[in-house]
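Notes follow once the structure below has been shown.
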Amino acid sequence: MTTAQFYNHFFKELKSIYEEREAANIADWVFDNITYLKKWERRESSNKLSNGHLLQLKQILNELLSHKPVQYVLNEAWFYKRKFFVNEAVLIPRPETEELVSWIVSDVQSTMCDGRHEELTILDVGTGSGCIAISIIKELRESNVTALDVSEEALIIAKKNADSLEAKVGFIKNNFLNEGTWHQLGDYDIIVSNPPYIPWKEKEILSKNVTKFEPDIALFVPNDDPFIFYNVIARFALAHLKMRGKIFVEIHENYAGEVHKIFTGYDFKVEIKKDIYGKERMIKACRE
């Protein structure tokens, strides 16, 4: 069988569960990884598919048809220009989280004097794959970045990514919701977090590739306390955020007003930022 023939089959099967454009993107991503052939090379009728590649592609197709995200199948996700290792212990990095990182980087760079700034201390709460912390330290190299997570499995992945991307991030296992653990932490110029913020009641409306494979602990919050992480971050910041320090958090698109109210209630100056789709997805809270 030629590569072109099996690619066409692969693409057709994916269209049964994905829209055509997404199916094509996934098929291209997989074939790039397995065959190392460029698009035009895959179309050449003379390119035969080896038995080894055929077996790999059949296995991958079966996994994809079970709604398993391609990032988990291939153990890779691109975030802020870099490739990260991911598995089902961590969330798949999202474009809106890239926008959060971009906001932090541009905010810091806008305050630089002659292109330089004093060393910043930055805390990433709930680091998961480490994508936020690692991207920040790669862009703001003079910073001192610490990242925490309650999941040992997530921290293993984050450390793996930091090593492969040569990022000097300090990692801590910490249950941030337990205020008794805060003595492990220092004082920071910036606190950043993409915390769990989806109420459990919304699980049924999410796609299968999210609910079947991504870690619940990183996604969902109690229906009766959906803003638990923002309240805890605000209280932590009262004691651990330096004067003129800033908090950057990702938020649920439907609850910007509620999160805004939480931070203003703790006397922070708050700014809501929309993502590229016009949804209110990020908040900056400044300590004057």
With no hydrogens and no angle check, is any side-chain donor or acceptor of Gln5 less than 3.5 Å from a backbone partner on Thr2? yes
Rounded to the nearest 0.5 Å, the CD1 atom of Ile132 sits from the CD atom of Glu250 at a distance of 7.0 Å
So do Leu238 and Phe268 actually touch side chain to side chain, heavy atoms under 4.5 Å? yes
Evaluate the side-chain proximity of Asp32 to Arg42: yes if any heavy-atom separation is below 4.5 Å, no if none is. yes
Donor-acceptor contact below 3.5 Å, side chain Glu41 vs main chain Lys38: yes
Taking the inter-plane angle between the rings of His9 and Phe6 on a 0 to 90° scale, is it parallel (under 30°), tilted (30 to 60°) or perpendicular (over 60°)? tilted
Taking NZ, NE, NH1 and NH2 as the nitrogens, is one of them in Arg235 or Glu179 under 4.0 Å from a carboxylate oxygen of the other? yes
Drop me the distance from Ile122's CD1 to Ile190's CD1, to the nearest 0.5 angstrom. 4.5 Å
Checking side chain to side chain contact (heavy atoms under 4.5 Å, CB included) for the pair Asp187/Thr121: CA distance, chi angles, key distance, verdict? CA-CA 8 Å; Asp187 296 334; Thr121 53; 6.0 Å; no
Within the side chain of Arg281, is there an N or O that forms a donor-acceptor pair under 3.5 Å with the backbone of Lys274? no
Using modelled atom types only, decide if a donor and an acceptor are shared between the side chain of Glu142 and the backbone of Glu119 within a distance under 3.5 Å. no
More than 12 non-hydrogen atoms from neighbouring residues, nucleotides or ligands closer than 6.0 Å to CG on Asn223, yes or no? yes
When you look at NZ of Lys15, are more than 12 heavy atoms from neighbouring residues, nucleotides or ligands closer to it than 6.0 Å? yes
Between NZ on residue Lys284 and CG on residue Asp107, distance to nearest 0.5 Å: 4.0 Å
Can you give each donor-acceptor pair under 3.5 Å made by side-chain atoms of residues 152-161, sequence neighbours left out, with the distance rounded to 0.1 Å?
unit_1: Glu153; atom_1: OE1; unit_2: Ser151; atom_2: OG; d: 3.3
unit_1: Asn161; atom_1: OD1; unit_2: Phe85; atom_2: N; d: 2.7
unit_1: Asn161; atom_1: ND2; unit_2: Phe85; atom_2: O; d: 3.0
unit_1: Asn161; atom_1: ND2; unit_2: Ser129; atom_2: O; d: 3.0
unit_1: Asn161; atom_1: ND2; unit_2: Ile157; atom_2: O; d: 3.3

Go through the steps to decide whether Leu14 and Leu61 satisfy the test side chain to side chain contact (heavy atoms under 4.5 Å, CB included), and finish with yes or no. CA-CA 8 Å; Leu14 288 183; Leu61 181 58; 4.0 Å; yes
Path from Tyr188 to Val192 over hydrophobic side-chain contacts below 4.5 Å: no
Take Tyr255 and Tyr197 through the ring-ring contact (aromatic ring centres under 6.0 Å, His included) test and state the conclusion after the steps. CA-CA 9 Å; Tyr255 300 118; Tyr197 54 69; 9.0 Å; no
Quick one: does Leu64's side chain get under 4.5 Å of Val30's, heavy atoms only? yes
Judged by atom type as modelled, is there a donor-acceptor pair below 3.5 Å linking the side chain of Trp78 to the main-chain atoms of Phe84? no
Assigning hydrophobic clusters by single linkage (Ile, Leu, Val, Met, Phe, Trp, Tyr; side-chain heavy-atom cutoff under 4.5 Å), is Ile198 placed with Val150? no
With a cut-off of under 6.0 Å to the ring centre and 45° to the axis, is Lys173 in cation-pi contact with Phe171? no
Any side-chain heavy atom of Phe79 within less than 4.5 Å of one from Ile134? no
Reported CE-to-NE2 distance for the pair Met1 and His53, which is rounded to 0.5 angstrom: 15.0 Å
If only atom types and distance count, is the side chain of Ser143 paired as donor or acceptor with the main-chain N or O of Ile137 below 3.5 Å? no
Evaluate side chain to side chain contact (heavy atoms under 4.5 Å, CB included) for Trp182 paired with Val232, printing each intermediate quantity in order. CA-CA 11 Å; Trp182 291 357; Val232 172; 3.5 Å; yes
Does Lys58 come within less than 4.0 Å of Glu13, counting only side-chain N to carboxylate O? no
Looking at Glu139 and Arg82, is any side-chain nitrogen of the basic one under 4.0 Å from a carboxylate oxygen of the acidic one? yes
Lys273 side chain vs Glu99 backbone, donor-acceptor pair below 3.5 Å: no
Quick one: does Val105's side chain get under 4.5 Å of Tyr80's, heavy atoms only? yes
Would you call Leu55 and Gln59 a side-chain contact if the rule is heavy atoms closer than 4.5 Å? no
Leu177-Leu241 co-clustered via ILVMFWY side chain contacts under 4.5 Å: yes
Do Lys242 and Asp189 meet the salt-bridge criterion of a basic N to acidic O distance under 4.0 Å? yes
Distance (rounded to the nearest 0.5 Å) between Asp149 CG and Thr127 OG1: 6.5 Å
Hydrophobic cluster identity match, Val125 and Leu91, side-chain contacts under 4.5 Å: yes
What orientation do Phe227 and Tyr230 show, parallel under 30°, tilted 30 to 60°, or perpendicular over 60°? tilted
Within the distance-only criterion (no hydrogens, no angle test), does the side chain of Asn75 pair as donor or acceptor with the backbone N or O of Val86 below 3.5 angstrom? yes
Could you pull out all donor-acceptor pairs under 3.5 Å where a side-chain atom in residues 207-221 meets a protein atom, sequence neighbours excluded?
unit_1: Ser207; atom_1: OG; unit_2: Asn209; atom_2: OD1; d: 2.3
unit_1: Thr211; atom_1: OG1; unit_2: Ser207; atom_2: O; d: 3.4
unit_1: Lys212; atom_1: NZ; unit_2: Ser66; atom_2: O; d: 3.0
unit_1: Glu214; atom_1: OE1; unit_2: Ile92; atom_2: N; d: 3.0
unit_1: Glu214; atom_1: OE1; unit_2: Arg94; atom_2: NH1; d: 3.2
unit_1: Glu214; atom_1: OE2; unit_2: Arg94; atom_2: NH1; d: 3.3
unit_1: Glu214; atom_1: OE2; unit_2: Arg94; atom_2: NH2; d: 2.7
unit_1: Asp216; atom_1: OD2; unit_2: Lys203; atom_2: NZ; d: 3.4

Does the pair Glu88 and Lys68 meet the rule for a side chain to side chain contact (heavy atoms under 4.5 Å, CB included), with working shown? CA-CA 10 Å; Glu88 291 169 57; Lys68 188 173 184 177; 3.3 Å; yes
Using 0.5 Å steps for rounding, measure from the CG atom of Leu74 to the CD1 atom of Ile34. 6.5 Å
In one Ile/Leu/Val/Met/Phe/Trp/Tyr side-chain cluster, 4.5 Å: Phe31, Leu37: no
Check whether any side-chain heavy atom of Phe10 lies under 4.5 Å from a side-chain heavy atom of Ile60, and answer yes or no. yes
Indicate yes or no: at least one non-hydrogen side-chain atom of Glu76 is less than 4.5 angstrom from one of Trp29. yes
For the side chain of Asp28 and the backbone of Lys39, is there at least one donor-acceptor N/O pair under 3.5 Å apart? no
Modelled atom types, side-chain donor and acceptor of Thr181 and Asn175, under 3.5 Å: no
